[in-house]
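Down below is the structure, laid out as structure tokens.
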Amino acid sequence: MREPASAPRRLTAAAAILEATAQCMQADARVYMMGEGVADPKGIFGTTLGLVERFGPERVIEMPVAENGLTGIAIGSALMGQRPIMVHQRVDFALLAVEQLLNNAAKTHFVTNGVHKVPLTVRMIIGRGWGQGPEHSQVFDSVFAHAPGLKVVMPSTPYEAKGMMVAAVRDDNPVIVLEHRWMHYAEGDVPEALYETPLTGPARVRSGDEVTVVASSFALLEAIEAADHMAAAGVGCDLFDLRVVRPLDLTSIIASVRRTGRLVIIDTGWKLFGVGAEIAAQVTEACFDQLKCAPVRLGLPDQPTPSSRGLARSFYPNGQILAETVAKMIPDAAHRLAEPIKALEALRLRVPVDVPNPAFRGPF
Amino acid sequence: MADDDRTPPTAEAARAATEGTGHDALLRNDLPLALYVDMLRNRRIEEEIARRYGDQEMRCPVHLSVGQEAVSAGVCLALERQDQIVSTHRAHAHYLSKGGDLKAMLAEFHGKASGCCGGRGGSMHIFDVPAGVLLSLPIVGSGIPVATGAALAMKQRGEPQVAVAFLGDAAVEEGVFHEAANFAAVHRLPVIFVCENNLYSVYTPLKVRQPDLPLERLGRCHGIASVTADGNDAEAVFSLTRAAVDRARAGEGPSFLVFDTYRWLEHCGPNYDNDIGYRTQAEFETWRERDPVGLMAAKLQRQGLLDAGRQSELLASIDAEINEAFRFALASPLPEPGEVALYA
Ligand SMILES: Cc1ncc(C[n+]2csc(CCOP(=O)(O)OP(=O)(O)O)c2C)c(N)n1
Ligand SMILES: [Mg+2]
């Protein structure tokens, strides 16, 4: 990783994404942005605020509500050498653009024998909470990751959100950036300089010997909390931030599982046919005889996301569930993890299930 | 068919469900008053939702229709119960004007098991089968082909029903509007596309998104009978819709109706947002002077059909109904987490 020179400041991930975008647009006149709301007073949850004033409406294009057509238009401009960033306020709206993305964006480099490139970045925001219901809270990381020709990344911290955004814009072929809406609120150290977080493999964020845990996006923030509680009780998690769903590079994770013999993966989306299934399969193929128990996948149950907080009560995995899972995988850990599980439960109960933080007041 | 209890309502079933409501009688005898009562009721319901939203008991997005009541009233009162509507993210007024159950709607907003979707959908998925509210869908444009498909079924079955697709001014920007309009025209389907032009898609004005040409042309280019009218004039909305319904029932095919109107509150949520900079207070004020509810009240007063006594009687009965419905919603239990696995 290229080390940024400047001193870090505390920023939210939303502010980090905004800074990355502004710096990319400043550095490269080919970079422009399109989306529904990119130039409005709310500026995509603050991630595009001020850009239209600074770069003008030719480069910060307020889109008609026409996702598939405009994705094709972005692709056409990219073939001509422009570097479009398209934003969808929900992944669910990007579903209208799946044809252009999975056909033209993903395959043009291939079918033109490498002649054409499609330097397109598509930001899609994953909704959660406040009763948004089945068509405003989907994830689809595994759907986009299923198609050769796309890169799919899921930042989980402000630092990564900025660095991956920059890397996505500089990438010569299409990158889908899946941003969790609740991750926008996360605060962290972010250097001011323009820097890139390479879109390669996962990053280890906590070291431990007893179990390998893989998480991404918002789940990583909960996994860190759980891993720290477990570490204090003497149960060491080797915790990885997956970061890049495609291309999927599991080298470091496989090496870790060889050591720990145990693997837990937390999917942001549905567990069934999810990214966790692919990871479990590849790790099992690589080190079957070093596994001490079967890999465990956590993720959303096999149902659409319900609106009601009554139904959503046990819908999402969380730190407590991760600790309970680990407690079952390691002989004698149940006893050691009793206290951390209680502490994680208390933390969870401090905030209602349908809001990201105690200050949240709705509607989005 | 008869053994499948989830079959969508036939005209007969829907007629049976509405027997004794006096809906048609009211319309025949007293159309202006019926339109007024419908609008006043929707206004009071939306205002009460806005007032209570800060209590954090309705934990879902709400897209309020304050200012746009004449469209839902004029369109839905021109329909029969067995006719079907498909609504959007801004569904409350459509649902209510068509006869959707108020208690089931508010319970849904409260996430309760007694909600019309059992708490699964929230405010953007409300529906009511006996009332002919087939579906509401939160994805822009998504319901337009669905309503068109309902019309296809009506034609195939030879039922004298009509389907209405409600859409906003932004939905015509989606390809799916044109795909559905083309098919409806070719097959002369009994579908009415009702475009509520409130000049904005969220905070983005129409003029940034479309050329400055009448929206109406977008129906006409598909060979569909298309008209534009004042969407704050409930009687005008009613009579144009009636004409479109008559044409549809006579097998003369689809219509595209554009009604110009204005949303008073923020795109999503309970507040006024004229201060955030996407529209001017002056623009808002000119539309508020043309308040659809107030205009109709003034007209009824001039005609001697409404006086202060009648107005306070109306308000008292509407407010009592609303309070009772909120009481019901608040008192209803949340669904059990395990129920989420049903129908998945
Ligand atoms: C396909 C899709 N894109 C974007 C959105 C986000 N969105 C929700 S409502 C809305 C505005 C729609 O405007 P309009 O159709 O005019 O209806 P209005 O809100 O004015 O009633 C948008 C863009 C969505 N729900 N679906
Ligand atoms: Mg609109």
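Everything numeric in this text was worked out from a predicted model, so none of it was measured. So you know, we letter chains A, B, ... as the sequences are listed, proteins then strands, and number each from 1.
- Taking CD from Glu57(B) and CZ from Arg309(A), the interatomic distance works out to 6.0 Å, rounded to the nearest 0.5 Å.
- Within a 6.0 Å sphere centred on CZ of Phe273(A), heavy atoms belonging to other residues, nucleotides or ligands number 12 at most.
- Counted within 6.0 Å of CD on Gln281(B), heavy atoms from surrounding residues, nucleotides or ligands total more than 12; the atom is thus considered enclosed.
- Listed in order of number, the residues of residues 165-173 of chain B that approach chain A to under 4.5 Å between heavy atoms are Ala170(B), Glu173(B).
- Among all heavy-atom pairs drawn from Gln56(B) and Trp130(A), the shortest one is NE2-CH2, 3.8 Å.
- Residue His146(A) places its NE2 atom among 12 or fewer non-hydrogen atoms of other residues, nucleotides or ligands, all under 6.0 Å distant.
- Chosen from Ala344(B), Pro335(B), Gly269(B), Gly111(B), the residue pairing most often with chain A at heavy-atom distances under 4.5 Å is Pro335(B).
- The minimum heavy-atom distance linking Ser307(A) with Gly121(B) is given by the pair CB-C, 3.4 Å.
- Residues Pro61(B) and Gln132(A) meet the side-chain proximity criterion, which asks for heavy atoms closer than 4.5 Å.
- Most heavy-atom pairs under 4.5 Å with chain A: of the set Cys268(B), Gly122(B), Gly277(B), this distinction falls to Cys268(B).
- Neither the backbone nor the side chain of Glu36(A) has a heavy atom closer than 4.5 Å to any heavy atom of chain B.
- Contact between Leu334(B) and Ser308(A) at its shortest, heavy atoms only, is CD2-OG, 3.9 Å.
- Each of Leu342(B), Thr204(B), Val176(B) has some count of heavy-atom pairs under 4.5 Å with chain A, and the biggest count is that of Thr204(B).
- Between Pro304(A) and Val340(B), the closest heavy-atom pair is O-CG2, 4.3 Å.
- The shortest non-hydrogen separation linking Val208(B) to Glu62(A) is CG1-CB, 3.8 Å.
- Of the atoms belonging to Tyr53(B), it is side-chain heavy atoms, and not backbone ones, that fall under 4.5 Å from chain A.
- Among all heavy-atom pairs drawn from Arg209(B) and Met63(A), the shortest one is CG-O, 4.2 Å.
- Contact annotation: the side chain of Leu311(A) approaches that of Arg120(B) to within less than 4.5 Å [non-hydrogen atoms, C-beta and beyond].
- Qualifying ring-ring contact (aromatic ring centres under 6.0 Å, His included) partners for His63(B), counting only residues two or more places apart in sequence or in other chains: His89(B), His267(B).
- Only the side chain of His125(B) comes within contact range of chain A, judged by heavy atoms closer than 4.5 Å.
- Interface with chain B: from residues 92-100 of chain A, residues Asp92(A), Phe93(A), Leu96(A) qualify, criterion being any non-hydrogen pair under 4.5 Å.
- Chain A forms more heavy-atom pairs under 4.5 Å with one residue of Cys117(B), Gly119(B), Ser123(B), Gly115(B) than with any other, namely Gly119(B).
- Here salt bridge (charged side-chain N to carboxylate O under 4.0 Å, His left out) pairs that include residues 272-285 of chain B, with residues two or more places apart or in two chains, are Asp273(B)-Arg279(B), Glu285(B)-Arg288(B).
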